[in-house]
Novice: 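I'd like to ask some things about the structure below.
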Amino acid sequence: VQLQASGGGLVQAGGSLRLSCAASGSIVSIDDMAWYRQGPGKQRELVADITRGGSTSYADHVKGRCTISRDNARDTVYLQMNSLKPEDTAVYYCYADILGRFGVNLSRNDCWGQGTLVTVSS
């Protein structure tokens with residue numbers, strides 16, 4: 001089971017980006033999905049998360065500017081980011097709580113994507 005993130009890049013302040021993260025492998029089900037970020041010299045922090053049923057929560061620093069969504073049929077989570085600021089510059093990581101099948105066994109694991117770099121210029 002793995003997560004593949006995409007959509008990062010260089011954008012000017014005030015611009016928008018949409019991040020995507022697709023899960024693949026022997027997936028039985030996915031519970032919570034989320035986006036985290038880690039800025040230069042900072043610890044990783046939660047940006048937003050979404051339950052399988054679609055309930056969402058956001059960190060204060062992105063409320064009103066970001067929208068997290070998911071497509072359960074595609075095992076994919078998205079993060080639409082608007083009104084980007086230079087302080088949003090970070091590597092963005094997707095996370096998923098995945099129940100996977102490994103041979104005859106089922107196992108629930110915290111899975112992380114490889115990170116996608118978002119750079120916001122002033």
Side-chain angles (χ1 to χ4, degrees):
V1 175
Q2 62 179 358
L3 296 174
Q4 182 69 43
S6 61
L10 174 64
V11 64
Q12 289 188 332
S16 298
L17 280 176
R18 188 189 193 213
L19 307 183
S20 300
C21 178
S24 62
S26 297
I27 298 168
V28 176
S29 64
I30 302 177
D31 198 353
D32 289 355
M33 304 184 84
W35 288 94
Y36 287 73
R37 72 183 187 187
Q38 187 166 15
K42 298 181 179 179
Q43 291 188 330
R44 189 174 299 190
E45 61 181 3
L46 177 68
V47 177
D49 62 34
I50 184 168
T51 67
R52 182 170 180 82
S55 296
T56 60
S57 63
Y58 297 90
D60 287 342
H61 53 75
V62 300
K63 278 182 180 177
R65 300 189 296 121
C66 292
T67 302
I68 188 170
S69 61
R70 65 190 284 174
D71 184 338
N72 291 331
R74 298 178 184 271
D75 293 331
T76 300
V77 62
Y78 306 95
L79 184 68
Q80 176 68 42
M81 303 188 292
N82 302 320
S83 302
L84 283 163
K85 306 174 182 179
E87 50 264 44
D88 293 319
T89 295
V91 177
Y92 284 71
Y93 298 91
C94 56
Y95 160 86
D97 177 3
I98 297 178
L99 179 64
R101 185 180 301 279
F102 301 90
V104 298
N105 298 314
L106 299 180
S107 176
R108 182 171 294 281
N109 293 285
D110 294 330
C111 299
W112 292 90
Q114 82 285 9
T116 183
L117 177 62
V118 172
T119 303
V120 184
S121 63
S122 57

Novice: What distance do Cys94 atom SG and Ile68 atom CD1 have between them, rounded to the nearest 0.5 Å?
Specialist: 10.0 Å
Novice: Is the closest side-chain heavy-atom distance between Ile30 and Val77 below 4.5 Å?
Specialist: no
Novice: Under the side chain to side chain contact (heavy atoms under 4.5 Å, CB included) rule, what do Leu106 and Leu99 come out as? Steps first, then yes or no, please.
Specialist: CA-CA 7 Å; Leu106 299 180; Leu99 179 64; 4.2 Å; yes
Novice: Does NZ or CZ of Arg18 come closer than 6.0 Å to the centre of the six-membered ring of Tyr78, within 45° of the ring's axis?
Specialist: yes
Novice: Looking only at side chains, do Arg44 and Tyr36 share a donor and an acceptor under 3.5 Å apart?
Specialist: no
Novice: Would you tell me whether Asp71 and Thr76 have side-chain atoms, one donor and one acceptor, within less than 3.5 Å of each other?
Specialist: no
Novice: Would a distance-only check, ignoring hydrogens and angles, find a side-chain to backbone donor-acceptor pair under 3.5 Å from Arg70 to Gly54?
Specialist: no
Novice: To the nearest 0.5 Å, what is the distance between CG (Asp31) and OG1 (Thr51)?
Specialist: 7.5 Å
Novice: Do you see a donor-acceptor pair shorter than 3.5 Å between the side chains of Ser16 and Asn82?
Specialist: yes
Novice: Short question: side chain of Tyr93, backbone of Ala34 - any donor-acceptor pair under 3.5 Å?
Specialist: no
Novice: Under 3.5 Å, side chain of Thr89 to main-chain N/O of Val120, donor-acceptor pair present?
Specialist: yes
Novice: In terms of side-chain geometry, is the basic nitrogen of Asp97 or Arg108 positioned less than 4.0 Å from the acidic oxygen of its partner?
Specialist: yes
Novice: Answer whether the closest heavy-atom distance between the side chains of Thr67 and Tyr58 falls below 4.5 Å.
Specialist: yes
Novice: If you define the side chain from C-beta out and look only at heavy atoms, does anything of Val1 sit under 4.5 Å from Asn109?
Specialist: no
Novice: Check whether any side-chain N or O of Gln4 sits under 3.5 Å from a backbone N or O of Cys21 as a donor-acceptor pair, and report yes or no.
Specialist: no
Novice: Would Trp35 and Tyr92 count as a ring-ring contact (aromatic ring centres under 6.0 Å, His included) if you check the C-alpha gap in whole Å, the side-chain angles of each, and the deciding distance to 0.1 Å?
Specialist: CA-CA 7 Å; Trp35 288 94; Tyr92 284 71; 7.3 Å; no
Novice: Donor-acceptor check, side chain of Asn72 to backbone of Arg52, threshold 3.5 angstrom: yes or no?
Specialist: yes
Novice: Please report the interatomic distance CG(Leu3) to OH(Tyr95), rounded to the nearest 0.5 Å.
Specialist: 10.0 Å
Novice: Does Asp88 come within less than 4.0 Å of Arg65, counting only side-chain N to carboxylate O?
Specialist: yes
